[in-house]
Peer 1: 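Structure below; questions to follow.
Fair warning: this is a prediction, and the values are worked out from it, not measured in the lab. Residue numbers begin at 1 in each chain, while the letters A, B, ... track the order of the sequences.
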Amino acid sequence: MSNGLNPEQQEAVQTLSGPLLVLAGAGSGKTRVVTFRIANLIKHGTAPDRILAVTFTNKAAREMRERIAHMSGKKTKSHRPGKPDGGPVVGTFHSNCVQILRRHAKRLGYPDKFAIYDRSDQESVARDVLRQLRVHSGMMKPGDFLSHISRWKNAGVRWQQAGELAKTDVEHVAASGYRRYQQAIKLVGAVDFDDLLLLTEELFREHEDIRLKESGLYDHILVDEYQDTNQSQYSIIEQLAKGHRNLCVVGDDDQSIYGWRGAEVQHILNFKNDWPEAKVVRLEANYRSSGAILDFANRLIAFNKVRHDKVLRAARGAGKPPRILQFKTELDEARGTVDEIARILDTRARQPGDFAILFRTNEQPRVFEMELRRAKVPYSLVGSQSFFDRKEVRDLLAYLRIVDNSKDEVSLLRIINTPQRGIGEKTIENLLAAAVNRGIPMWEMMEDPALISTLPEPAKQGVARIQSLVDRLKAMLADEKSSMADVMRQLISSVDYMGYIDRTYPSPEEAQARKDSLEEVVNAIAEYETENRDPNLSDFLDEVTLSGKEFGSPKEKQTQQNAVALMTYHSAKGLEFPIVYMVGMEEGILPHRRSISDNVDDVEEERRLCYVGVTRAQDELTMSLPLTRKKWGKQRDTFASRFLYELTGQADNPNRMKSIQGVRKEIKQGEAAAKRAKTKAGTAGTAGGKKASPKRGS
DNA sequence: CTGATTGACGTTTTT
DNA sequence: CGTCAATCAG
């Protein structure tokens, strides 16, 4: 074997035509197989740019591009099919859909320059919709509302049909909100992340000419992490591949962890039904982890009922047995873990980048971050509050988005009075109402002299100022001589954003930190400009929205290169580390309380999550739990995760059942308390007078 | 219109 | 115990 692949891997690499399902276990060299197969296709005469590889994350796309470039010496491009620079097209579902939609938006009644709304933009639209519907936050919060819509969209349900499907009161409210939400974002020419997929699917389904044109761009399609495709993605792939049938999908049903986002394991389990002539290759040899770690993984996942039966074979020796540690509090857990890492680093046997600390929720890492900072261990927190979520960064981007596309209402509302320029709440309300009334974007409404004349003097001036600012920036952008970074700098000084920061944040350190992140935005734009052949604002904004987290400053990137990784199990998928710590192994966290109910638990996906965590580890694995955790101001007892018993082969240990029952009881009590609070609130409304007086007395 | 204070509330994961 | 939204006095 010239390239060091085993026979199964060889088979996957050498099957060059027709449908191919690669059932790849964790650590089976999946990524290598995919890249080798692409190289092989090219070697056998496929033009590189007629190969489309779809990845799940931007990071995976970037890595694959690098590997391919490394192997073939060919450059690959991110997601610009049709341009003559050669390599295979590698990108995520979302980035590919954006490209397709940008080419055909008009056919769906969208403007060429549609904005892409991310989670935070969506929330602001959702808040507005809920306010219009007079929905109290006790009934439904913006997040809940959006997950209803998202679930419908993932299942291909449009707002016209949602009402019929709604059963509960909450669903009915969500359904009527769905209509308003969808009309609102369409009016401002925006699409959300789900729309990117939904609209592409619709485009292909309703316009055969477009489907033929787009699918005709490729002769081969490869899809990674196929177990995580949802309904729209499944359909898009089918539409693209049904002509040539050269479709290779790679995945592992045991690592399906995005069910909550509409992913359906059935797609990978049923692949042979949809593509009957498909060849199936199973990769069950694991090259990543030590035997002892794999034993844990195999024992654990065997508890799941819905799965392809498979057992990972260890290609390596047994290695160190994994450890399970208990600490008194979550602070002790963090301290113990970090101290150990620091100690190992002192011996120089390992580098910071060899370690990962994995957890379930984004709130867990706080303590670990504190401890890592104290111990002066470099770390990088993946996900969570990303750079582009910081207020000042979002503000600047909102300005850019207005310059790019003045219809973008969410962005306009964000910066219309930031920094303050005398346009108050009342004025905004009036503008908005008038715009809605006439069915035009707010920005256009602001250009109506009749309306302007009704505004109070300060607001009048404010509107004039923001209009002239945007005009100036637009002109500057069109001017060849000034770069996008120049436009950005001009913007910051024109609105005196620095002064705004000084006024808003009295602490000098915080003010400086915020100013630094402004600088980083300018750097990011400058970097984008130097790295892209045909830089333009729309494209920059797309990239930021679709992959915001990975855009950090050069400085940030460097420190992240060799740092202890702090991340969720979800973000860890596809990665590997010599030393892994899985922390907070408690009932209620992993499995998460939301998957546990009175007597029927739905924890299979949580178990897969745990499995993903275990199989990230190459040499050493440590699982830990604090015996108490601070919650709502009180230190409370925790229960050991049922998974700890399962993976150590102690499933019949009575303590496992005690744990499960313990957490169920706790959840039940929590629910009862919530109910009591709710009824109390209800009665307080009618009999409010009775209870109010004693409180005021003090 | 702006900045400060008080009260309610707290169940997950992300392209 | 913190966070954030709603509320209130300049």
Peer 1: For a quick test of reading the model: is some side-chain N or O of A:N362 closer than 4.0 Å to OP1 or OP2 of B:dT13?
Peer 2: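 Yes, because at least one side-chain N or O of A:N362 sits under 4.0 Å from OP1 or OP2 of B:dT13.
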Peer 1: Which sits closer to the 5' end of DNA chain B, A:R261 or A:K141, going by the nucleotide each is nearest to?
Peer 2: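 Per heavy-atom nearest nucleotide, the more 5' residue is A:K141.
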Peer 1: Would you say a side-chain N or O of A:T361 is under 4.0 Å from OP1 or OP2 of B:dT11?
Peer 2: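 The answer is no; no side-chain N or O of A:T361 sits under 4.0 Å from OP1 or OP2.
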Peer 1: Which residues pass the side chain to side chain donor-acceptor pair (under 3.5 Å) test with A:D144, sequence neighbours left out?
Peer 2: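 Checked A:D144 against side chain to side chain donor-acceptor pair (under 3.5 Å); zero matches.
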Peer 1: So what does A:F93 hit on the nucleic acid, given a heavy-atom distance under 4.0 Å: a base, only sugar-phosphate, or nothing?
Peer 2: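 No contact.
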Peer 1: Should A:W260 be counted as stacked on B:dT13, where stacking needs a ring-centre gap under 5.5 Å and an angle between planes under 30 degrees?
Peer 2: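 Here A:W260 meets both the 5.5 Å and the 30° conditions.
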Peer 1: To the nearest 0.5 Å, tell me how far A:F359 CZ sits from A:L566 CG.
Peer 2: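 Result: 5.0 Å between the selected atoms.
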Peer 1: Please find the earliest and latest nucleotides of DNA chain C, in the 5' to 3' direction, that have an atom within less than 4.0 Å of any heavy atom of chain A.
Peer 2: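 The contact span of chain A on DNA chain C goes from C:dC1 to C:dT3.
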Peer 1: Which of these nucleotides, B:dT15, B:dT11, B:dT14, is closest to any side-chain atom of A:F193?
Peer 2: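 Closest nucleotide to the A:F193 side chain: B:dT15.
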Peer 1: In whole Å, measure the gap between the C1' atoms of B:dT12 and C:dA5 for me.
Peer 2: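 About 23 Å, rounded to a whole number of Å.
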Peer 1: Take the protein atom CD of A:E586 and the nucleotide atom P of B:dT11, then report the distance between them rounded to whole Å.
Peer 2: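 Spelled out: CD on A:E586 to P on B:dT11 is 16 Å.
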Peer 1: Quick one: label A:Y569 by what it contacts on the DNA or RNA (base, sugar-phosphate, nothing), any heavy atom closer than 4.0 Å.
Peer 2: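 Result for A:Y569 = nothing.
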Peer 1: Mind calculating the distance between CG (A:D144) and P (B:dG10) to the nearest angstrom?
Peer 2: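 Rounding to the nearest Å, CG of A:D144 and P of B:dG10 are 10 Å apart.
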Peer 1: How is A:R366 classified with respect to the nucleic acid when contacts are heavy atoms under 4.0 Å: base, sugar-phosphate, or nothing?
Peer 2: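 Sugar-phosphate, no base atom in range.
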Peer 1: For nucleotides 1-6 of chain B, which of its nitrogen or oxygen atoms have a protein nitrogen or oxygen under 3.5 Å away, and what is each distance?
Peer 2:
from  : atom 1 : to     : atom 2 : distance (Å)
B:dC1 : OP1    : A:G424 : N      : 2.7
B:dT2 : OP2    : A:N417 : ND2    : 3.1
B:dG3 : OP2    : A:Q420 : NE2    : 3.0

Peer 1: Taking CZ from A:R629 and C1' from B:dG10, how many angstroms apart are they, rounded to a whole number?
Peer 2: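 Computing the A:R629:CZ to B:dG10:C1' distance gives 15 Å.
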Peer 1: Partners of A:R607 by side chain to side chain donor-acceptor pair (under 3.5 Å), sequence neighbours excluded?
Peer 2: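 Residues passing side chain to side chain donor-acceptor pair (under 3.5 Å) with A:R607: A:N304, A:E646.
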Peer 1: Taking only residues two or more places apart in sequence, or in another chain, which ones meet A:Y234 in a ring pair (Phe, Tyr, Trp, His ring centres under 6.0 Å)?
Peer 2: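 Partners of A:Y234 by the ring pair (Phe, Tyr, Trp, His ring centres under 6.0 Å) criterion, ordered by chain and then number, come out as A:H267.
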Peer 1: Ring centres under 6.0 Å, that's the criterion: do A:H94 and A:F193 meet it?
Peer 2: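 So the answer is yes for these two rings.
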Peer 1: Name all residues meeting the side chain to side chain donor-acceptor pair (under 3.5 Å) criterion together with A:R514; count only those two or more places apart in sequence or in a different chain, and write none if there are none.
Peer 2: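 Side chain to side chain donor-acceptor pair (under 3.5 Å) list for A:R514, sorted by chain: A:E392, A:Y505, A:E510.
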Peer 1: Going by 5.5 Å between centroids and 30° between planes, is there a stack of A:H570 over B:dT13?
Peer 2: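 By the stated criterion, A:H570 and B:dT13 do not stack.
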Peer 1: Between A:L358 (CG) and B:dT12 (P), how many Å, whole number?
Peer 2: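 Rounded to whole Å, this separation is 19 Å.
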Peer 1: Write down the distance between CG (A:D228) and C1' (B:dT13), rounded to a whole number of angstrom.
Peer 2: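 Rounded to whole Å, this separation is 12 Å.
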Peer 1: Excluding sequence neighbours, so at least two apart, what forms ring pair (Phe, Tyr, Trp, His ring centres under 6.0 Å) with A:H570?
Peer 2: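 Partners of A:H570 under the ring pair (Phe, Tyr, Trp, His ring centres under 6.0 Å) test: A:Y258, A:W260.
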Peer 1: Work out how far the C1' atom of C:dG2 is from that of B:dT13, and round it to whole angstrom.
Peer 2: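 Comparing C1' positions in C:dG2 and B:dT13 gives a spacing of 22 Å.
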Peer 1: With sequence neighbours excluded, what pairs up with A:Y500 under the ring pair (Phe, Tyr, Trp, His ring centres under 6.0 Å) test?
Peer 2: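 A:Y500: ring pair (Phe, Tyr, Trp, His ring centres under 6.0 Å) contacts with A:Y497.
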Peer 1: Where the side chain of A:R593 is defined as all heavy atoms beyond and including C-beta, which of B:dT15, B:dT14, B:dT11 is the nearest nucleotide?
Peer 2: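 The answer is B:dT11.
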Peer 1: Starting at atom NE2 of A:H592, determine the distance to atom P of B:dT12, rounded to an integer number of angstrom.
Peer 2: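 Rounding to the nearest Å, NE2 of A:H592 and P of B:dT12 are 5 Å apart.
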Peer 1: Should A:E123 and A:R119 count as an ion pair when the cut-off is N to O under 4.0 Å?
Peer 2: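 Yes, this pair counts.
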Peer 1: Run the salt bridge (Lys or Arg N to Asp or Glu O under 4.0 Å) test against A:E604 and tell me which residues pass, sequence neighbours left out.
Peer 2: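 With sequence neighbours excluded, A:E604 shows a salt bridge (Lys or Arg N to Asp or Glu O under 4.0 Å) to no residue whatsoever.
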Peer 1: Please state whether the phosphate of B:dT14, meaning OP1 or OP2, lies under 4.0 angstrom from any side-chain nitrogen or oxygen of A:T57.
Peer 2: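 False: A:T57 side-chain N/O out of range (4.0 Å or more) of B:dT14 OP1/OP2.
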Peer 1: Would A:T628 and A:Q635 count as having a side-chain donor-acceptor pair, cut-off 3.5 Å?
Peer 2: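 Indeed, the side chains of A:T628 and A:Q635 share at least one donor-acceptor pair under 3.5 Å.
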Peer 1: Given atom CZ of A:R636 and atom P of B:dG10, what is their separation to the nearest angstrom?
Peer 2: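 Rounding to the nearest Å, CZ of A:R636 and P of B:dG10 are 14 Å apart.
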Peer 1: Send over the distance from A:I257 CD1 to B:dT15 P, rounded to a whole Å.
Peer 2: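 To the nearest whole Å, that distance equals 11 Å.
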